[in-house]
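Okay, so here's the structure we're looking at.
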Amino acid sequence: MSQKTISTYFFTRLLDFINPLCDIRNTETFSDFKNAVDYYTYYTFTIDALIDGELDFETSSNPADHKLVKANLRNTRSLQILTGLFGSSSEFWSLMEKYMSTYYSGLVVEKQCNTNAFVHDLNSFKSYALAKHAPAFVPSGGLILLFDSQITQERLEQLLTPLFYGMQMLDDMEDFNRDIISGQLTYCISRTRIYIEENQIENPNNLERFEERVFYMSGIARECNDFAEAQFRQAQELARDLQLDELVSWIDSMFQMLKHNQNIIDEVSN
């Protein structure tokens with residue numbers, strides 16, 4: 001399962017994961033809200049793909065059927081539904097503005113870092129990990145505004161934040177070579193390049209995926225995998241305390257991926 005599949009699945013299941021925290025008596029309202037979230041998620045993922053240059057613009061396709069056009073239509077529909085659910089003066093809109101501004105600002109910072117001699121540390125990693133996943137705080141926050149809830153926005157963030165750290169680290173590990181090719185500077189790549197420079201490691205034989213080899217053999221990959229595992233364990237403990245059984249089970253599947261990573265690390269480092 002790729003990280004994009006993980007992220008997509010998590011976003012599409014987010015409300016199902018956390019809805020036990022709310023007293024949802026009006027199922028029609030909940031269904032409408034889920035539809036609005038699905039529409040907006042499609043729009044957000046499409047814009048992200050556009051910025052990353054991943055959208056296909058074949059001249060033979062009908063422009064009206066293009067994914068970008070469909071994304072705009074779904075965005076409009078989402079806002080129509082949300083306005084009907086929350087009205088125009090709800091604090092939901094401030095919440096949406098806050099987190100979506102964080103998301104888009106994060107995209108700008110990411111591109112800026114890619115074009116400068118930037119060095120990532122764990123703090124900058126956490127910053128871009130949260131920015132990339134900031135849209136998830138919109139539907140989760142909206143849910144507890146729509147329905148009586150046993151949880152605050154602050155505690156919801158405490159639950160989701162370590163999840164996003166773990167998911168992002170998995171992404172950076174899995175997409176290591178792809179990110180190098182696309183020129184995207186991640187924490188994993190930055191750490192590896194510093195290691196190569198400090199230890200004066202050369203590549204006289206022009207080995208393919210040289211930096212990725214160093215990443216796995218240097219011990220950096222093990223540190224990153226361990227970090228992700230610690231974040232998922234923290235999130236799972238909170239989810240278990242809140243009796244979010246489906247989320248607890250989903251996090252178990254992340255541990256399986258981490259175990260697979262660990263096996264690869266063990267093989268290449270021994």
Side-chain angles (χ1 to χ4, degrees), residues 1 3 5-38 40-41 44-45 82 85-86 90-100 102-103 106 122 125-171 225-259:
M1 180 185 291
Q3 171 65 16
T5 303
I6 293 170
S7 296
T8 302
Y9 180 79
F10 183 83
F11 271 81
T12 57
R13 292 297 314 281
L14 174 59
L15 293 181
D16 294 321
F17 285 150
I18 66 173
N19 80 69
L21 299 173
C22 298
D23 183 14
I24 301 176
R25 299 185 182 184
N26 190 327
T27 56
E28 184 177 352
T29 296
F30 180 61
S31 178
D32 287 344
F33 184 56
K34 285 188 67 175
N35 286 336
V37 170
D38 288 344
Y40 198 77
T41 298
T44 302
F45 282 161
L82 292 172
L85 292 173
F86 291 99
S90 169
E91 63 181 285
F92 170 79
W93 301 109
S94 295
L95 180 145
M96 186 176 187
E97 180 180 2
K98 171 186 175 182
Y99 290 115
M100 295 311 297
T102 298
Y103 171 70
L122 201 54
F125 164 79
K126 289 181 177 180
S127 179
Y128 75 71
L130 277 185
K132 283 176 174 288
H133 293 88
F137 291 120
V138 179
S140 59
L143 185 70
I144 63 178
L145 287 175
L146 271 180
F147 303 99
D148 292 335
S149 174
Q150 58 176 290
I151 195 172
T152 63
Q153 180 71 15
E154 181 180 6
R155 193 168 183 205
L156 197 57
E157 290 183 11
Q158 291 174 355
L159 167 66
L160 295 177
T161 295
L163 270 179
F164 297 155
Y165 290 160
M167 290 167 63
Q168 187 60 50
M169 191 61 82
L170 277 177
D171 181 20
N225 205 59
D226 289 347
F227 172 85
E229 181 177 357
Q231 297 305 310
F232 281 121
R233 292 204 180 281
Q234 179 182 341
Q236 190 178 58
E237 183 178 346
L238 293 170
R240 190 173 283 114
D241 289 343
L242 293 168
Q243 299 181 328
L244 300 177
D245 296 337
E246 286 193 52
L247 182 55
V248 169
S249 296
W250 180 79
I251 295 174
D252 278 336
S253 69
M254 296 300 98
F255 290 138
Q256 294 176 13
M257 291 190 65
L258 290 164
K259 179 61 177 176

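Here the structure is a predicted model, which is why all the values come from computation and not from measurement. FYI, side chains are in, hydrogens and waters are out, and symmetry mates aren't considered; it's all heavy atoms of this structure.
The structure places CZ of Phe30 at 12.0 Å from CG of Leu85, a figure rounded to the nearest 0.5 Å. To the nearest 0.5 Å, the span separating CD on Glu97 from CZ on Phe92 amounts to 12.0 Å. Note that the OG atom of Ser90 and the CG atom of Leu146 stand 8.0 Å from one another [nearest 0.5 Å]. Atom OH of Tyr40 is separated from atom OG1 of Thr44 by 4.5 Å, given to the nearest 0.5 angstrom. Rounding to the nearest 0.5 Å places CZ of Arg240 at 8.5 Å from CD1 of Ile251. In this structure, the separation between CD on Gln150 and CD on Gln243 is 7.5 Å, given to the nearest 0.5 Å.
Note on Glu237 versus Arg233: no salt bridge recorded, every NZ/NE/NH1/NH2 to OD/OE distance being 4.0 Å or above. One finds no salt bridge joining Arg25 and Asp148 here, because no Lys/Arg side-chain nitrogen approaches an Asp/Glu carboxylate oxygen to under 4.0 Å.
Leu130 is not listed as a side-chain neighbour of Gln168, based on a closest heavy-atom distance of 4.5 Å or more. Taking 4.5 Å as the limit, some side-chain heavy atom of His133 sits within range of a side-chain heavy atom of Phe11. Contact of the Ile144 side chain with the Cys22 side chain is registered, since non-hydrogen atoms from C-beta on lie closer than 4.5 Å. Looking at heavy atoms from C-beta onward, Leu247 lies in side-chain contact with Leu163 at the 4.5 angstrom threshold. Inter-residue side-chain proximity for Phe137 and Leu14 is flagged as unmet; no heavy-atom pair is nearer than 4.5 Å.
With Ser31 contributing its side chain and Thr27 its backbone, the two residues share no donor-acceptor pair below 3.5 Å. Put simply, the side chain of Glu246 never gets that close to the backbone of Phe17: no donor and acceptor are under 3.5 Å apart. Without hydrogens or angle criteria, Ser249 side chain to Asp245 main chain gives a donor-acceptor distance under 3.5 Å. Asn19 contributes a side-chain N or O that, together with a main-chain N or O of Asp16, makes up a donor-acceptor pair within less than 3.5 Å. A donor-acceptor pair under 3.5 Å links the side-chain atoms of Ser253 to the main chain of Trp250, judged by distance alone.
Ring-plane geometry between Phe86 and Phe33 is classed as perpendicular, the angle between the planes exceeding 60 degrees on a 0 to 90 degree scale with a lower cut at 30. Ring geometry for Tyr165 against Phe125 counts as tilted: the plane angle lies between 30° and 60°, on a 0 to 90° scale.
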(request) Please step through side-chain contact (heavy atoms from CB on, under 4.5 Å) for the pair Leu21 and Leu242, ending with a clear verdict. (result) CA-CA 8 Å; Leu21 299 173; Leu242 293 168; 4.0 Å; yes

(request) Show your working on side-chain contact (heavy atoms from CB on, under 4.5 Å) between Phe255 and Lys259 and close with a plain yes or no. (result) CA-CA 6 Å; Phe255 290 138; Lys259 179 61 177 176; over 6 Å; no

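The shortest non-hydrogen separation linking Leu95 to Gly141 is CD1-CA, 3.9 Å. Of all heavy-atom pairs between Asp252 and Gln236, the closest is OD1-NE2, 2.9 Å. When all heavy atoms of Ile18 and Leu244 are compared, the pair lying nearest together is CA-CD2, 4.3 Å. Closest approach of Gly106 to Ala131, counting heavy atoms only: CA-CB, 3.8 Å. Pairing each heavy atom of Met169 with each of Ala228, the nearest pair is CB-CB, 4.0 Å. Smallest separation of non-hydrogen atoms from Met167 and Phe232: N-CZ, 3.5 Å.
For Glu157, the CD atom is densely surrounded, since the number of other residues' heavy atoms within 6.0 Å is greater than 12.
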